[in-house]
Trainee: 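Have a look at this one.
These numbers come from a predicted model, not from an experiment. Residue numbers start from 1 in every chain, and the chains themselves are labelled A, B, ... in the order their sequence lines are given, proteins ahead of strands.
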Amino acid sequence: MLLEVNELAVSFGGVQALNLQHFQLEDRELRVIIGPNGAGKSTFMDILCGKTKPDTGSIVFNGKPTRDLTEVQIAEMGIGRKFQKPSVFPGLSVYENMLLATRMKKDVFTSLFSRMPAGVQEKIEVMAERVGLTSALHKQAGALSHGQKQWLEIAIVVLQDPRLLLIDEPAAGMSDKEAEKTGELLLELSKQHGVIVIEHDMHFVKQIATKLVSVLVNGKLLMEGPFEEVKNDQRVIDCYLGRANAQLEKL
Amino acid sequence: MQLKPAKLINILFILFFAVVLPVGNMLGLVSVNSISLWGRYFCFAIAALGIDLIWGYTGIMSMCQAFFFCLGGYCMGMHLLLKATALQQQLLPEFMTWNDITALPWFCEPFHGFVPALILGLLVPAAVAFVIGYFIFKSRIKGVYMAIITQALALSMYLLFLRNETNLGGTNGLTGFKTVLGFELHKPGTKLGLYLVTLAMLCVAYGCCYKIVHSKFGKVLQAIRDSEPRVGYTAYRVLHYKLAAFVVAAALGGLAGMLYVPQTGIITPGRMDVKASVEMLMWVALGGRGNLKGAVIGALLVNCVYSYCTSVFPQGWLFILGMLYILTVLYFDKGFLGLFEKIGSKIGIKTNSERYATGSK
């Protein structure tokens, strides 16, 4: 088991944002989380990567509890996060963005004095090829299009070589074609990493949900199951998608 | 081999200040006073490099650089004063006698030797910055709160140094220096020597800063400026990086102060008040933030104009500085250097930053 979460709860100003009884993820599993706005999906990822501290509950990642660790310690243990709003380093070039992300010793003295380890350059070039940023490698990251920034952030997270990738709305703001390419990338990544994806776009979910889909509603887990089952479940249709949901009926 | 414009500027700079000015001085064309004046500007430029590192590159507005400058200055000043006292065969500096002190305070003891004073001049500001920085950055204080806290620190230290009880000369500070390493300070040769040493140290400081900002460490600093949370999730300990930048900036301030004191002959708390720190930030803002050359040019140019203005129309200086600042903020936010680059690109010289933006290598 890569990740196991029990009795996780957090509330903001008296409002219960998340109250998760149990959640678990196998190694090399790709899990999609869906749910209406305010269901606690992003909050869940915030807690997993150390951005938000939970009120109660336990998180065991790779056999070790992570609840009381800082975000840096969690990142070092191998959890990488892609945010909903692309978060890259706009003032640096795409290459430098990837260089900073790449897994290596990251203390002050190493950064100041040692040369770049062998193989990093190739690693970055391969990654750039995979996310289609080869021609933009020496461009400033702030000058990229929204879709390119999304890909750059995915590249940043992958280059950290984490065991678990937390990907928040990767297809937002992408064209259908770009989204499809992103889906393929995520599927490929799930061969080596555990991946949790939050997504709203049902076409995209259909493409990547090869195993389980979890549905969060009002901070609670409503159900878990294969995409087909979730899609046809009356409770999901009722509370998440509404009674007249065009998007779901089309599929 | 074709010379890049950036390299050419470096060479012209060194050539002018290391050869033309000293030779002009020997030929009697340049007065010793202006040599000494430029030496002091170089000190300011070194301190400005520190500000550029912490503010321009890391995005942390530190408003106590002048305090670190003075810590270095007081270390050197204490050494020079003890030497002068020994030369006059007295036991205690004059201001201590006035204050009814009978024995040299413990904290003055290490400053008898030149080398210990040098080391302490770097170490004391760095250590103070380390302690202050640790608590500030640990509590994740950022932005305007950082500016306010460091400003309050500068003010409180200013008030502390003003007190006679602190035994650092109060309002009058430390003065009455005679020699440095046996050379008499008032002699033109010594002044020229100090000028050259300061110029050399400016070049060394610039070189070190250049190495720092072009290393991976420097890239992390810029990443902290742009998107601090992302740096943390990329597994960098932001606290360590900020602290390192703050300590290096403080040490540069200390170095600048140490070089400043023998050339000026006095160090007073007036050098470390809030205004002094704000002025240092202004040099960097006017010269070009996030660009090492900008910091140096800003410090030199603003002080040059300052000296000129205060002798021609003393009341006008603050108005001119204020106007320059408003113009910079409104029209050329990358400072003088950004302006030069803009003009340069109009007449066809391609600069580094443009090549960067268009993506060609």
Trainee: Side chain, backbone, both or neither: which part of A:V157 has a heavy atom under 4.5 Å from chain B?
Mentor: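 The side chain, not the backbone.
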Trainee: Looking at B:K211, B:R225, B:R140, which one has more heavy-atom pairs under 4.5 Å with chain A than the rest?
Mentor: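 The answer is B:R140.
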Trainee: Quick one: what part of A:E71 sits under 4.5 Å from any heavy atom of chain B, side chain, backbone, both or neither?
Mentor: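 For A:E71, heavy atoms of backbone and side chain both lie under 4.5 Å from chain B.
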Trainee: Is the number of heavy atoms from other residues, nucleotides or ligands within 6.0 Å of CZ (B:F332) greater than 12?
Mentor: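 Yes.
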Trainee: B:S227, B:G232, B:A223, B:S215: which one forms the most heavy-atom pairs within less than 4.5 Å of chain A?
Mentor: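 When all of B:S227, B:G232, B:A223, B:S215 are compared, B:A223 has the most.
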Trainee: Okay, side chain of B:Y236, backbone of A:A101: is any donor-acceptor separation there less than 3.5 Å?
Mentor: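 No, the answer is negative, given that no donor and acceptor are paired below the 3.5 Å cut-off.
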Trainee: Check whether more than 12 heavy atoms from other residues, nucleotides or ligands sit under 6.0 Å from atom NZ of A:K64, and answer yes or no.
Mentor: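 Incorrect, the count does not exceed 12.
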Trainee: Return the CD1 to OH distance between A:I74 and B:Y233, rounded to the nearest 0.5 Å.
Mentor: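 If I round to the nearest 0.5 Å, the distance is 8.5 Å.
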Trainee: Measuring from A:S111:OG to B:I212:CD1, what's the distance to the nearest 0.5 Å?
Mentor: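 Going from the OG atom of A:S111 to the CD1 atom of B:I212 covers 12.5 Å.
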Trainee: Tell me which one of B:Q222, B:K219, B:K216 satisfies side chain to side chain donor-acceptor pair (under 3.5 Å) with A:E96.
Mentor: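 It is B:K219, the one option of B:Q222, B:K219, B:K216 that forms the side chain to side chain donor-acceptor pair (under 3.5 Å) with A:E96.
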Trainee: Sub-3.5 Å donor-acceptor pair from the side chain of A:K106 to the main-chain atoms of B:T234, do we have one?
Mentor: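 Indeed, once roles are kept as given, a pair shorter than 3.5 Å links the two residues.
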Trainee: Would the number of heavy atoms belonging to other residues, nucleotides or ligands and lying under 6.0 Å from CD of A:E129 be above 12?
Mentor: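 Incorrect, the count does not exceed 12.
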Trainee: How far apart are the closest heavy atoms of A:G91 and B:D226, and which atoms are they?
Mentor: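 What the structure gives for the nearest pair is N-OD2, 2.7 Å.
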Trainee: Where on A:D107 is there a heavy atom nearer than 4.5 Å to chain B: the side chain, the backbone, both, or neither?
Mentor: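 Only the backbone of A:D107 comes within 4.5 Å of chain B.
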Trainee: Taking 4.0 angstrom as the limit, do A:E153 and B:R230 come out as a salt bridge?
Mentor: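 A salt bridge is present here (some side-chain N lies under 4.0 Å from a carboxylate O).
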Trainee: Are A:F109 and B:F217 an aromatic pair, judged by ring center distance below 6.0 Å?
Mentor: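 Judged by ring-centre distance (under 6.0 Å), B:F217 and A:F109 do not meet the cut-off.
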